[in-house]
Amino acid sequence: MSVARDVVLAIDEGTSNCKAVLVAQSGEIIASGSAPVPIEHPQSGWVQQDAMAIWSATQKAISICKAEAPDARIVALGISNQRESVLIWDRRTGAPLGPVLTWQCRRTAAECEALKAAGHAQDVIARTGLPIDPLFPPTKVAWLLAHHGSGTGDVCVGTVDSWLIWQLSGGRVHATDRSNAARTQLFNLADGAWDSSLCDLFGVDPAYLPEVRDSAHVFGETRNVDALPDGIPIASAIGDSHAALFGHGAFVPGDGKVTFGTGSSVMATIPEFVAPPDGLTTTIAWSLHGKSTFAFEGNILVSASVFPWTARMLGLGDVDALLKLAGTSASAEGVCLVPAHVGLGAPHWAPEARGMISGLSFVSEPAHIARAAAESMAQQVADIFDVIERSGMTIGRLSVDGGPSENRFLMQMVADLLAHPVTPCRDSETSAIGAAYLAGLATGFWQDLDQLTGLAARGGRLVPDMPAKDRKALRSLWKDAVARTTLRL
């Protein structure tokens, strides 16, 4: 007879799919499942999802995951989620009152420009650590209330984590955690509460907003969920990028992580709330025992997505062929590729910038362009860490995750151009692991951060191996190339 193994279930609800994993007390993932989440583009710049499709995908992913480990006993449940996506629903019936407006949706760009023109930008940044931009939810909430909220009674406004908590609890709990609240641009980071003046500015009734709790907190228990028994503690909620930082064990101020993907998220913990340096944002990384840990963050718009584009431009079969070609050249021979294909993100925030290949000469070969594409990933991360270090922060342990982090050639470039060691993670599901750790802390499955530090996934550490003069020369070429991307004749 098999003995039931106690595990924590972590739900990682991303933009394009939902994942569910079971994490044992050793920190090992013993089962996983996933289900796609459809994305709709009703018109140019509009990106939305169906709230019930998200809930359906969540239940499907849980069922697949549980089937892989039928003898496992779930003792707690944690949630990590796509950030900044927002929806409204009827508190009485639980029915969504419109679509989920995702973080990618730009439909409120005009409203954001009007708010900036009216002089609200600096006050909003001072209160929330975030610039006025359609990425963030408040103008989206106002749009939803204007187009789908009229004639309703009691409305719930929430990010995706709060929607899942509502569904998992059978409609009994409307709550979020501080990391997700911090991304709504309605939450005052210094006060640790919803900001009434911001709610007035954006036209959002504070009564519609969820209760705000710690990231590790028993929000409620599962009730009437087809994929789960009743009574499982819903014990954590946290934004996905924050969850990855926690999963890496970045518990000391200065510790950071880079998540590489289509774009990249760079985060580093800071000792207290301060306004962000120019080009970055300040956010709540997580909260434990009523105390928030803060972080600087920079978001890169085009990271690994430049590789298939470059491969196609060079007539190569795939990204593997591109990176293999890049590795055949010891340098890019002065060639720089700035992937500003949709503008530049942090720390430049230049939406008018466009991609550029510079430094070409008659000695330039395809291998040099391929290497320049590979270097662009590390160069953009170095831009962000330059800003963090100029703010007075000392960078501590730096972890990397995401698909590109598995490529040693690319990660060595990151270490070289940062002049700082990097540690690739051992498991790609770092966001789910972070949510699981928090849920386990809330329920006593794990005891403290010291225990989690020992569990945090580690890979082989890569140390810088580039002479300082070569790094200085490469960084100078890059900065010159970045400046050129914003020039228009």
Side-chain angles (χ1 to χ4, degrees), residues 13 51 54-55 79 81-103 105 108 111-112 115 120 123-124 127-130 132-169 171-215 217-220 234 236-239 242 273 283-284 286-287 290 292:
E13 201 292 302
I54 289 175
W55 175 233
I79 299 167
N81 59 283
Q82 54 167 303
R83 303 181 303 167
E84 290 99 24
S85 300
V86 68
L87 70 155
I88 63 174
W89 66 94
D90 190 306
R91 189 186 297 268
R92 297 165 303 180
T93 67
L97 297 174
V100 178
L101 303 193
T102 79
W103 58 275
C105 190
T108 59
E111 289 86 344
C112 290
L115 287 164
H120 295 293
D123 183 56
V124 170
R127 291 171 184 269
T128 69
L130 306 172
I132 296 176
D133 188 272
L135 169 69
F136 301 108
T139 53
K140 296 175 184 174
V141 174
W143 188 95
L144 284 167
L145 291 171
H147 290 81
H148 299 280
S150 61
T152 61
D154 200 354
V155 173
C156 289
V157 169
T159 44
V160 171
D161 63 304
S162 64
W163 171 244
L164 295 180
I165 291 170
W166 176 273
Q167 292 291 339
L168 288 163
S169 67
R172 294 191 166 199
V173 180
H174 184 211
T176 189
D177 90 299
R178 286 181 173 81
S179 76
N180 279 292
R183 305 303 292 184
T184 65
Q185 211 164 51
L186 296 169
F187 193 76
N188 189 306
L189 296 192
D191 295 343
W194 297 120
D195 190 302
S196 58
S197 64
L198 291 173
C199 289
D200 288 343
L201 174 66
F202 291 106
V204 179
D205 188 337
Y208 295 164
L209 298 172
E211 293 183 6
V212 182
R213 303 295 190 187
D214 281 345
S215 307
H217 176 80
V218 178
F219 294 89
I234 305 164
S236 77
I238 186 169
H242 313 242
F273 170 65
T283 191
I284 294 175
W286 56 76
S287 57
S292 293

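In this structure the side chain of L189 reaches within 4.5 angstrom of the side chain of I284, judged on heavy atoms. By the 4.5 Å heavy-atom criterion applied to side chains, R183 and T283 are counted as neighbours. Side chains of S287 and S215 form a contact here, defined as non-hydrogen atoms less than 4.5 Å apart. Inter-residue side-chain proximity for I88 and Y208 is flagged as unmet; no heavy-atom pair is nearer than 4.5 Å. Counting heavy atoms from C-beta on, the side chains of I234 and V173 never come closer than 4.5 Å. Side-chain contact between F202 and T139 is present, with at least one heavy-atom pair separated by less than 4.5 Å. At least one side-chain heavy atom of T184 sits under 4.5 Å from a side-chain heavy atom of T159. A 4.5 Å side-chain heavy-atom check between P138 and V124 finds every atom pair outside the cut-off.
Taking all atoms of both residues into account, the shortest heavy-atom contact from N180 to T176 is CB-OG1, 3.4 Å. Closest approach of G290 and D214 over heavy atoms only: N-OD2, 2.8 Å. In terms of heavy-atom proximity, S162 sits nearest to H174 at CB-CD2, 4.4 Å. Shortest non-hydrogen contact noted between L144 and L87 is CD1-CA, 3.9 Å. A207 approaches R91 most closely through the heavy-atom pair O-NH2, 3.5 Å. In plain terms, the two heavy atoms of G94 and W166 that are nearest each other are CA-NE1, 3.8 Å.
The distance from the CD1 atom of I132 to the NE2 atom of H120 is 7.0 Å, given to the nearest 0.5 Å. Taking CD1 of I79 as the reference point, atom CG of L168 lies at 5.5 Å (rounded to 0.5 Å). Within the model, atoms CZ of R213 and OG of S236 stand 15.0 Å from one another, a figure rounded to the nearest 0.5 Å. A distance of 10.0 Å separates CH2 in W143 from OG1 in T108, rounded to the nearest 0.5 Å. We find the NE2-CG distance between H148 and L97 to be 9.0 Å, quoted to the nearest 0.5 Å. The OG atom of S196 lies 11.0 Å from the CG atom of L186; values are rounded to the nearest 0.5 Å.
Under the salt bridge (Lys or Arg N to Asp or Glu O under 4.0 Å) criterion, the residue pairs touching residues 191-202 are R127-D195, with sequence neighbours excluded.
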Applying side chain to side chain contact (heavy atoms under 4.5 Å, CB included) to L198 and N188, what does each step give before you reach the verdict? CA-CA 9 Å; L198 291 173; N188 189 306; 5.6 Å; no

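When ring centroids are compared, W55 and W163 stay outside the 6.0 Å threshold.
Formation of a donor-acceptor pair under 3.5 Å by the K140 side chain with backbone atoms of T102 is found in this model. Within the 3.5 Å criterion, the main-chain N or O of D177 finds no donor-acceptor partner in the side chain of W286.
With sequence neighbours left out, F219 forms a ring pair (Phe, Tyr, Trp, His ring centres under 6.0 Å) with H217.
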